[in-house]
Number of protein chains: 2
Amino acid sequence: MKQDGAGVDLDTSLGYLLKEASSALRTAMEEVLRPLGMSVTHYSCLELLAQRPGLSNSELARGAFVTRQTMNVLLQALERDGYVIRPAEAPVGKVLPTRLTPRGRRSLAKATVAVRSVESRMLGGMSEAERAESFRALRGMIRALRGEDRT
Amino acid sequence: MKQDGAGVDLDTSLGYLLKEASSALRTAMEEVLRPLGMSVTHYSCLELLAQRPGLSNSELARGAFVTRQTMNVLLQALERDGYVIRPAEAPVGKVLPTRLTPRGRRSLAKATVAVRSVESRMLGGMSEAERAESFRALRGMIRALRGEDRT
DNA sequence: GAATCTATGTCAGACTGCTGACATGAAGCA
DNA sequence: TGCTTCATGTCAGCAGTCTGACATAGATTC
């Protein structure tokens with residue numbers, strides 16, 4: 001039933017499987033974050049700021065894989081609700097370094113517990129060697145897709 | 001600089017890497033499909049129909065990882081533009097089996113060439129064994145995330 | 001056979017993220 | 001110094017996707 005000549009066979013397509021895995025991960029994260037009133041991008045933003053305080057809007061956008069316009073909208077809401085702070089004036093250039101407030105940190109702490117449970121479930125039955133192998137494979141795909149192809 | 005106790009370390013998080021890979025794949029596909037005036041979901045729908053003719057709206061939605069409402073909107077547009085056909089009345093129940101028209105097949109043919117180039121680029125330097133390993137790893141993640149955890 | 005449950009197709013409204021556009025500051029180059 | 005290029009922050013408009021809701025058909029249960 002497989003039309004090898006006609007299309008990309010979905011059952012053996014690594015791209016399709018990657019999309020499936022990503023979709024499953026996203027769904028699982030949304031499930032645990034919803035009770036906290038937080039979206040995946042929302043969480044990603046807070047997590048990035050916790051690990052790298054002072055990131056700018058554009059840097060956060062790249063880290064969360066959205067456009068800087070999208071991140072800007074999110075940051076304005078987070079700032080309005082007191083989860084993050086940005087200086088009114090840029091210390092240098094136009095770049096506004098963003099930081100978590102204590103409230104933002106508390107909010108993140110709850111979310112982290114939820115997200116960690118998903119991640120550990122995903123790592124489930126994988127051995128340490130298998131995790132390392134998956135890591136290597138995904139990194140390879142990313143590098144190839146971005147055209148950093150060193151033949 | 002890594003706060004191991006505080007959060008999920010992004011640099012060593014398989015979830016984050018999975019999201020990154022998926023984002024890179026999506027971007028690459030959008031790039032090659034845009035000139036054809038086609039979105040990723042649009043393409044997924046046609047590809048699914050080519051491989052499994054007669055799929056219903058809900059089945060297509062599951063295959064493309066969107067809701068059936070979203071797929072319904074897309075199908076109406078595709079039907080209006082003559083890429084697919086659905087019977088006016090359901091042969092059985094409410095399920096409307098969908099099929100590609102010749103026009104839809106031609107459109108898909110062009111897209112397939114583009115998508116295949118992305119996929120082969122992604123597989124890039126991977127050996128056959130590495131591909132199999134990646135496959136196995138992704139399947140494991142999906143199964144674990146969906147809670148089909150057979151201890 | 002009737003009641004309940006489940007799945008489907010569809011409509012409407014809301015939200016999220018994206019593209020396009022603009023002004024501004026920094027960095028490199030003539 | 002002036003010019004070009006690039007990155008940034010931000011606003012506005014648009015497309016895609018989602019949630020909520022409803023009616024209906026099949027399957028299940030009693």
Side-chain angles (χ1 to χ4, degrees), chain A residues 19 22-24 26-31 33-35 37-46 48-49 54-81 84-99, chain B residues 19 22-31 33-46 48-49 54-81 84-99:
Chain A
K19 189 174 173 184
S22 165
S23 169
R26 181 169 201 87
T27 299
M29 286 187 65
E30 281 171 350
E31 258 171 33
L33 287 175
R34 190 188 311 276
M38 205 180 286
S39 74
V40 175
T41 306
H42 186 140
Y43 161 76
S44 300
C45 177
L46 296 184
L48 281 162
L49 284 174
L55 283 188
S56 71
N57 176 28
S58 290
E59 290 167 326
L60 286 168
R62 281 190 290 269
F65 311 111
V66 295
T67 62
R68 63 187 199 278
Q69 293 91 328
T70 296
M71 183 55 73
N72 189 35
V73 172
L74 175 59
L75 275 183
Q76 285 174 356
L78 290 177
E79 192 171 20
R80 168 173 50 78
D81 297 342
V84 306
I85 45 170
R86 288 191 290 182
E89 302 250 324
V92 53
K94 300 186 67 178
V95 179
L96 293 173
T98 311
R99 290 179 181 279
Chain B
K19 190 173 172 183
S22 165
S23 169
L25 174 61
R26 182 168 200 86
T27 299
M29 286 186 66
E30 282 170 351
E31 257 169 34
L33 287 175
R34 190 187 314 277
L36 303 172
M38 206 179 287
S39 73
V40 175
T41 306
H42 186 138
Y43 161 76
S44 301
C45 178
L46 296 184
L48 280 162
L49 283 173
L55 282 188
S56 70
N57 176 28
S58 289
E59 290 167 327
L60 286 168
R62 280 190 291 268
F65 310 111
V66 295
T67 63
R68 63 187 199 277
Q69 292 92 327
T70 297
M71 184 53 72
N72 190 35
V73 172
L74 175 59
L75 275 184
Q76 285 174 357
L78 290 178
E79 192 172 19
R80 168 174 49 79
D81 297 341
V84 305
I85 44 168
R86 289 190 289 182
E89 302 249 323
V92 53
K94 299 186 66 178
V95 179
L96 293 173
T98 312
R99 291 180 181 280

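For clarity, every value in this text was computed on a predicted model and none was experimentally measured. Chain naming here is simple, since letters A, B, ... match the order of the sequence lines and numbering starts at 1 in each.
Atom NZ in Lys94(A) sits roughly 12 Å away from atom C1' in dC11(D) (whole-Å rounding). Atom CD of Gln76(A) is separated from atom P of dA12(D) by 10 Å (rounded to the nearest Å). One can place CG of Leu75(A) at 14 Å from P of dT16(C), the figure rounded to the nearest angstrom. Taking atom CG on Leu60(A) and atom P on dA7(D), their separation rounds to 18 Å, with Å as the unit. Rounded to an integer number of Å, the gap from CE of Met71(B) to P of dC11(C) is 16 Å. For Phe65(B) and dC18(D), the CZ to C1' distance is 17 Å, given to the nearest whole Å. In this structure, Met38(B) places its CE atom 13 Å from P of dG16(D), rounding to the nearest Å. To the nearest angstrom, C1' of dC15(C) lies 12 Å from CD of Glu30(A).
A distance of 5.0 Å separates CD of Glu30(B) from CZ of Arg26(B), quoted to the nearest 0.5 Å. The CG atom of Asn57(B) sits 8.5 Å away from atom CZ of Arg68(B), with the distance rounded to the nearest 0.5 Å. Rounding to the nearest 0.5 Å gives a distance of 4.5 Å between CG of Leu49(A) and CG of Leu60(A).
Checking side-chain atoms of Thr27(A) against main-chain N and O of Ser23(A) turns up a donor-acceptor pair under 3.5 Å.
Taking every side-chain heavy atom of Thr70(A) into account, dC18(C) is the closest of dT8(C), dT10(D), dC18(C).
The side chain of Thr41(A) contributes no N or O atom lying less than 4.0 Å from OP1 or OP2 of dT16(C). Distances shorter than 4.0 Å separate none of the side-chain N or O atoms of Arg26(B) from OP1 or OP2 on dG17(C). Considering only side-chain N and O atoms, Arg34(A) lies under 4.0 angstrom from the phosphate OP1 or OP2 of dT19(D). OP1 or OP2 of dC18(C) sits under 4.0 Å from a side-chain N or O of Thr67(A). The side chain of Asn72(A) places no N or O atom within less than 4.0 Å of a non-bridging phosphate oxygen (OP1 or OP2) of dG9(D). Residue Arg68(A) places none of its side-chain N or O atoms closer than 4.0 Å to OP1 or OP2 of dT19(C). Contact between the side-chain N/O atoms of Asn57(A) and the OP1/OP2 oxygens of dT8(D) is not found at any separation under 4.0 Å.
As judged by a 4.0 angstrom heavy-atom cut-off over every strand, Ser56(A) is placed among residues touching the sugar-phosphate backbone only. Ser58(A) comes within 4.0 angstrom of sugar-phosphate atoms only, judged by non-hydrogen atoms across all strands, and of no base. Backbone-only engagement by Leu96(B) is indicated by non-hydrogen atom pairs under 4.0 Å involving sugar-phosphate atoms exclusively.
Side chains of Ser44(B) and Lys19(A) form a contact here, defined as non-hydrogen atoms less than 4.5 Å apart.
Scanning atom types as modelled, one donor and one acceptor separated by under 3.5 angstrom connect the side chain of Gln69(A) and the base of dG20(C).
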